[in-house]
Q: 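Got a structure for you, written out below as structure tokens; questions coming shortly.
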Amino acid sequence: MKRGFWIAYIFLLMAQLLLSNYFHVTPYIFLTLLPVMVLCIPIRMDTAGAMLVAGLSGLVIDFLSEGVLGLNALALIPVAYARKGIIGLIFGPELFARKEDFSIGRCGFGKVAVALLLSLLIFLVIYILADGAGTRPLWFNGLRLGASLVASFLLSLLTLGVLAPDPRK
């Protein structure tokens, strides 16, 4: 596996800890980098390994931030499970055949944005439904989902260049 990727992953995990502990803008916005981090795990890692990394990452964030223990892990493991399916659906099977990781330069901004939105949507739907657990109204959860999706998408685009750099540069 690429050592540089895992160093960047650990630094982004620390950045997520800062986001979780100190950047609560409003109750309507939940900022997360976790889905893009899991989506960018190298193709060579199988689904079980990605699920293990996602679960451990979620538990670290839950344990070291003010969140409910297991909530991020609960929402992040399905993203890891769907990771290869999303990549295969959006980018096609040639990435798997060549054992190449995706990047904006190689695959195009539109495809990467769709893959990122799908992974964020899976994570946020599960996270918001589990966090509310039937205590918040549907309009609040819907508004929180929309605002969090937009904010996290923009934040994830900034970090995508770190985890999935263009190898041609």
Q: Using the side chain to side chain donor-acceptor pair (under 3.5 Å) criterion, which residues pair with S65? Sequence neighbours excluded.
A: none
Q: How far does CE of M45 sit from CG of L52, to the nearest 0.5 angstrom?
A: 8.0 Å
Q: For residues L17 and V60, report the shortest heavy-atom separation together with the two atoms involved.
A: CD2-O, 4.2 Å
Q: Listing request: all ring-ring contact (aromatic ring centres under 6.0 Å, His included) pairs with a residue in residues 124-163, at least two apart in sequence or in separate chains.
A: Y28-F140, F30-Y127, F123-Y127
Q: Could you state the interatomic distance from CG (L64) to CG (L69), rounded to the nearest 0.5 Å?
A: 10.0 Å
Q: Within the structure provided, determine whether V125 and L145 are in side-chain contact (heavy-atom separation under 4.5 Å).
A: yes
Q: Suppose the criterion is side chain to side chain donor-acceptor pair (under 3.5 Å): which pairs have a residue in residues 143-164, not counting sequence neighbours?
A: D131-R144
Q: Can you give me the closest heavy-atom contact between D62 and G70, atom names plus distance?
A: OD2-N, 2.9 Å
Q: Rounded to the nearest 0.5 Å, how far apart are CG of L56 and CD1 of I61?
A: 12.0 Å
Q: To the nearest 0.5 Å, how far apart are CG in L34 and CG in L13?
A: 7.0 Å
Q: Answer yes or no: is there a side-chain heavy-atom contact under 4.5 Å between P35 and I122?
A: no
Q: Testing I87, V36, V79, V38 one by one against S119 for a side-chain contact (heavy atoms from CB on, under 4.5 Å), which residue passes?
A: V79
